[in-house]
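FYI, side chains are in, hydrogens and waters are out, and symmetry mates aren't considered; it's all heavy atoms of this structure. All figures in this text were calculated on a predicted structure; none of them were measured in a lab.
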Amino acid sequence: MNDPPKAFHGAVEGVTTSLLDTLRVGVVMFDTDGYIMLWSPTVEEILGWPAEAMVGRYYGGYLTEDPVEASSGASVPRGGIYRAIGENGYWRGKLRVRHRDGYTVEVEARASLLTPPDCKPFVLANIVETSRLRAVEQDLAALDALFATSPLGIAVFDTEHRYVRANEALARLNGRPVHETLGRTVHEVLPQNMADTLAQIQSLVLRTGRPVVDTVLAAPDGHGWRSVSYGRLTSPDGRVLGVSSTVMDVTERRDAMEKIERARQRLKLLDDVGVALGDLLDVPRIARTLAGALVPRFADYSSVMLYGAVAHGGELPRAGRPPGAPLLQLGAAAKDRGPVVERMLRVGQDIALERGSIFESVLDSAVPHLVMSREELVSASYPGDPKVQAALDLDIHSLMVVPLRARGTVLGLLLLNRAEGRAAFDRDDLALAMELAGRAGISLDNARLYARERESALMLQRSLMPQQVPSPPGVQIAYRYVPGGSHAEAEAEAGGDWFDVIPLAGGRVAFVVGDVMGHGLRAAATMGQLRTAVRTLAALDLPPDELLRRVNDLADDLAQGPDEPLMATCVYAVYDPSTRQCTLAIAGHVPPLLLTGRGGGWDVTPVEAPSGAPLGVGGVEFEPVSLGVEDGSVLVLYTDGLIEHRGEDITEGLDRLMSLLAGLPAQPFLEDVCDRVLGDLDQGAEPDGRGAASSGPAGPARSTGPVGSVDDVALLLARLGGLPEGSSASWTFPAETYAARRARDAVRGVLRGWGLETLTDDTVLLVSELVTNALRHAHGPIGVRMVRGTSLLVEVSDPLPAPPRERNAAVDDEGGRGIQLVARGARRWGTRHGPIGKTVWFELSLP
C-alpha cells in the first residue's frame, strides 16, 4: 500500500475537511504475532515515526507501560491484548506510546480481529490522540448542556432555513414543542408577520455573514416582547452550514424602558412648558401657549379657562367662588379644526358653569377630577350641554379637569381631552397635569400682577407726559409715544422715554426728547422728575449745554438710591424762529435728524454734535452746536427704541430710518410721517394692534398698541419756519444819551403800525428804563428787539455779562427802580446770556 504525499496531512488541498481530520484518527494493522503490517500517515503525524521505519517491527517495543483496558481501568499485559482479541474479537483501551522525539503520547485505541476469506487473520486498530478526543467530547458536552440548561431559546437552522436543533426554552417561548419544530421553517412555526421578519434576517445573515443582534419583536401570542439574535455557522474550511439563533424574553426590560422613556418624556414636557411660559408676562398669551404646548404631545384637545380678574389684572376673590361668576375661555388647542371643535372650545367666550357640575366642583374644591368613560363624561355637566355633546361627537372618552392655582387661590381650570385611538388618561397623567397646572398657575399669577403694575405705570406715565403740546409761531409739531414690550410680550410696557415742547421767551421754543433707562413704575416716576427739572430750568432761559449741566448736577437727587444711580440720555434743542437758528446739546442720546427739502424728496442729515455722556455720569462737559435752518426743514428727535432691534446693530436701524425718511415726498403732513415711521417699526405687530399716540394740541400723549421694538419709543417732529412777515422789529443804538429817546420813538412807531396803541405807554416806559440802565452800566451798543406773537415780547441787549438785579430803592434814591418797574409791569421777564453780553426781556399780554 502506497502512502499519500505529505500534503495529505490534515487535508489534501481542495478536499473538504471533516471531524475525522479534526480528531486525527490513525490506522495501524498488525499480524497475529504483533508485528506491524500497515502504518498510516495519520499515525506518523501523531507519533512521528515514519512508516518505512515501523512496518515489520513489533509494536510492543514502543509502549512505555502496560496498556489499560478502558472498561475497567485495569492494566492488561501486553500479550493479553491478543488474548482479549482472540476471545472477544475486539479490544478497547488506552496506550502510552513513545514519540520519535522522546516524549510519551497517550492514545485511545480500538482493535478488531479480522479474518478475510482465504487469508491469514490480522488485527486492525484505530488510534486517536486522547487530548483531541477529550476536547471534542468536552465541546459536545458543553453544547448539550447549553441547549439543555440555558434559559435562552436556542435554535440552529440549516441553509434551507429549517430547524435543525432547538431547546426546550425556545419551545416554551414559541409555544410549540421541540418535536413539532425540527425540520420546519419559521413560517411553519410562528405567526406570519413575525415569520416574515425572521426569514428576512436569516437570509441576510446567510448571505452576508454579518450577525444581527437584539432585534425586538412582539411575542408569537402578542403578549410581551422577544429579543432575537442571529449569527452564521461555518465549518473550519469556510463552508456555510446554517445560522444559529438565540431568543430572549425582554418583556420586563421593554416595559421598564417604556416606563423610563415615558418618565423622560414627562420631564421633557414639564421642561418645555416651563421654558415656553418662563418669560411670558401676558395672561392671554400664557393661556394660549399652555394649551398649545399640550396638544398633541399630551392630549388631543386642551383649553384654559380663567376668571376675568386674572385676565385683566384685577383682584382675586379672597374666599370662595363668586356666585355665578363665569370663566373666560382664553386658550385652546386641538389636533384638528372644524365646527364641532369650535362648538366645544368656544375660544374667547365666557363659560357659565352649571352648579353641581364636575367643573364647578373642581373650581370650588381645587381637587382635580379624572373622567374615565363616556358615561361619566355625559354626566359631567347639565343634560344637553352643547359642549359635552360636541365632545361626544369628537369621540372623546377621557377628560381631566385640573385647577390652576397660585398662592392658595384657584385662578381657573385646565381641561385636557383624549379621543378614540389614544389610551385614556391614568393617575400618572393626572399627577403630571397637576404639576403642569401648578407651574402655569404661578406664571398666570405673575402675569396678572405684572399687568396691574404695567397699568399703574402707564397711568402714571400718561399723567406725567405733556397734557397739551403748544403750537408756537413758525413751528409745526407732531409727536408719538409708543410704550414698549418685553421680547415675549405683545402688551405695552411703560418705560422712561419722554418728549416735551416748551415755549420760551421771544417766540423761541425748546424741544426735548429723553430716555430714562429701565421700565415700570420707577422709570416712569424718574422720567416725571426729570421732565419737571428740565421744564423748570428751561424757564430760566438757559443755553442747552448749561441746562444739561444743571440737570446732571441733580442726578444724585433724582436717583432711586445709591445702588440705582440715575442713567438717562437727553437731547435739548432751542429754536429761534426770528433768526432761524437752532442750538442743541446732547447727553449720550441718539443723533437728531434734519430733513431739508430737495426737489420732490428730502435730504436726511444727522446733526453732527458731540454726544456727550448720559445724565448721571459726573465730570463730563456738554458742548452746544448751532446751525442755521432753512424754512420748512423738519427736525426729528427720537429715542433709541425707534432704531434698536434685537440682533441688529443700532447703526443699521439708523440707516433704515434715514432711508425711510428720504423716500417720503417733500412737504408731507407731519402726522403722516409719524405714521409711516411707526408703521415701519410695527411690522411684527398684530394686524390691528398698532394704533397711534394722540398728537396735536387736543390731549395728552397716549400709548399705541404693540410694536416691534422691545423698548418704548418717543418721536417728535418739528417743521421749522420763521415768524410771520412784519411780526418782528429790531434796532441797534450806540451808547449815547439820545439812545433812550430814539428807542422810545421807534417803539411807538412799531406799536402804532401793529395796532397795539393801548400798550404804548407801558412798553415805552419799560424800554426806556432798560435802555437807560444799559447806558449807565454797559457802555456799549444797545440792541432793542420787538416780537409780536401770542404776546408782545421786548428784548434789550448790551455787552455787559452781569445780569441786572432787582432791589428795593429808598424813597430818596434817584435810581434803582428800573428793574423793579419791569418786574411789576410785565407779565413775565427774565435775563438770557448770549455769546457776548446779556439780554433782558419782558412780555406784555396782547389786548
Evaluate side chain to side chain contact (heavy atoms under 4.5 Å, CB included) for Val25 paired with Thr42, printing each intermediate quantity in order.
CA-CA 7 Å; Val25 178; Thr42 305; 5.7 Å; no
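- To the nearest 0.5 angstrom, Tyr163 atom OH is 5.0 Å from Asn174 atom CG.
- In this structure, Leu416 and Ala433 approach most closely via the heavy-atom pair CD1-CB, 4.1 Å.
- When side chains are defined from C-beta on, Gln389 counts as touching Asp393, because their heavy atoms get closer than 4.5 Å.
- Considering CZ of Arg427 and CG of Leu432, their distance stands at 14.5 Å, rounded to 0.5 Å.
- Considering every non-hydrogen atom in both Val243 and Val205, the closest pair reads CG1-CG1, 3.9 Å.
- Residues Leu173 and Met248 form no side-chain contact, since every pair of their non-hydrogen atoms from C-beta on lies 4.5 Å or further apart.
- Checked for salt-bridge contact, Glu168 and Arg172 miss the test: no charged N lies under 4.0 Å from a carboxylate O.
- Not a single donor-acceptor pair under 3.5 Å links the side chain of Arg297 to the backbone N or O of Ala293.
- For the pair Val107 and Val128, the minimum side-chain heavy-atom distance is 4.5 Å or more.
- With hydrogens and angles ignored, the 3.5 Å screen pairs a side-chain donor or acceptor of Arg266 with a backbone N or O of Asp428.
- With respect to Glu258 and Arg262, no salt bridge is recorded, no charged nitrogen being found less than 4.0 Å from a carboxylate O.
- Taking the charged nitrogens against the carboxylate oxygens, Lys259 and Asp255 have no contact shorter than 4.0 Å, which rules out a salt bridge.
- Side-chain contact between Met257 and Val216 is absent, with no heavy-atom pair separated by less than 4.5 Å.
- Nearest approach of Ala334 to Val295, heavy atoms of both residues: C-CG1, 3.7 Å.
- With a 4.5 Å cut-off on side-chain heavy atoms, Val156 and Leu241 do not count as touching.
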Stepwise side chain to side chain contact (heavy atoms under 4.5 Å, CB included) test for Leu394 and Asp300:
CA-CA 10 Å; Leu394 293 171; Asp300 294 325; over 6 Å; no
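- Between Val186 and Phe157 there is a side-chain heavy-atom pair separated by less than 4.5 Å.
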Test Asp196 against Gln200 for side-chain hydrogen bond (donor to acceptor under 3.5 Å, both in side chains), laying out the working first.
CA-CA 6 Å; Asp196 289 342; Gln200 292 176 5; over 6 Å; no
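- Looking only at side-chain heavy atoms (C-beta outward), Leu414 and Leu290 come within less than 4.5 Å of each other.
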Passes side chain to side chain contact (heavy atoms under 4.5 Å, CB included), Arg418 versus Met400? Steps please.
CA-CA 9 Å; Arg418 282 183 180 175; Met400 283 195 296; over 6 Å; no
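- A side-chain donor-acceptor contact under 3.5 Å links Trp39 to the backbone of Trp49.
- In plain terms, the two heavy atoms of Ala419 and His397 that are nearest each other are O-NE2, 2.9 Å.
- Taking CZ from Phe30 and CG from Leu113, the interatomic distance works out to 13.0 Å, rounded to the nearest 0.5 Å.
- Taking CE from Met29 and OG from Ser40, the interatomic distance works out to 10.5 Å, rounded to the nearest 0.5 Å.
- Shown here is Met372, whose CE atom has more than 12 heavy atoms of other residues, nucleotides or ligands within 6.0 Å.
- Closest approach of Ser443 and Ile286 over heavy atoms only: O-CD1, 3.5 Å.
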Working note: Arg226 + Thr251, criterion side chain to side chain contact (heavy atoms under 4.5 Å, CB included); need CA distance, chi angles, decisive distance, verdict.
CA-CA 7 Å; Arg226 303 288 185 262; Thr251 303; 4.0 Å; yes
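- Counting heavy atoms of neighbouring residues, nucleotides and ligands inside a 6.0 Å radius, atom CZ of Arg337 exceeds 12 of them.
- Val371 and Leu377 get closest at one heavy-atom pair: CG1-N, 3.6 Å.
- From Ser303, atom OG reaches atom CG of Leu413 across 8.5 Å, with rounding to the nearest 0.5 Å.
- Listed for the Ser245 side chain is no donor-acceptor partner under 3.5 Å among the backbone atoms of Tyr230.
- Using a distance-only test at 3.5 Å, with no hydrogens or angles considered, a donor-acceptor pair links the side chain of Ser398 to the main chain of Phe425.
- A donor-acceptor pair under 3.5 Å is formed between the side chain of Glu188 and the backbone N or O of Thr185.
- Side chains of Leu270 and Leu436 form a contact here, defined as non-hydrogen atoms less than 4.5 Å apart.
- The 12-atom threshold is exceeded at CD of Glu261, counting heavy atoms of other residues, nucleotides or ligands nearer than 6.0 Å.
- At most 12 non-hydrogen atoms from other residues, nucleotides or ligands lie less than 6.0 angstrom from CZ of Arg210.
- Expressed to the nearest 0.5 Å, how far CZ of Arg207 lies from CZ of Arg232 amounts to 10.5 Å.
- With hydrogens and angles disregarded, no donor-acceptor distance shorter than 3.5 Å links the side chain of Gln329 to the backbone of Ile351.
- No donor-acceptor distance shorter than 3.5 angstrom exists from the side chain of His369 to the backbone of Leu399, with no hydrogens or angles considered.
- For Thr115 (side chain) and Pro121 (main-chain N/O), no donor-acceptor pair under 3.5 Å exists by modelled atom type.
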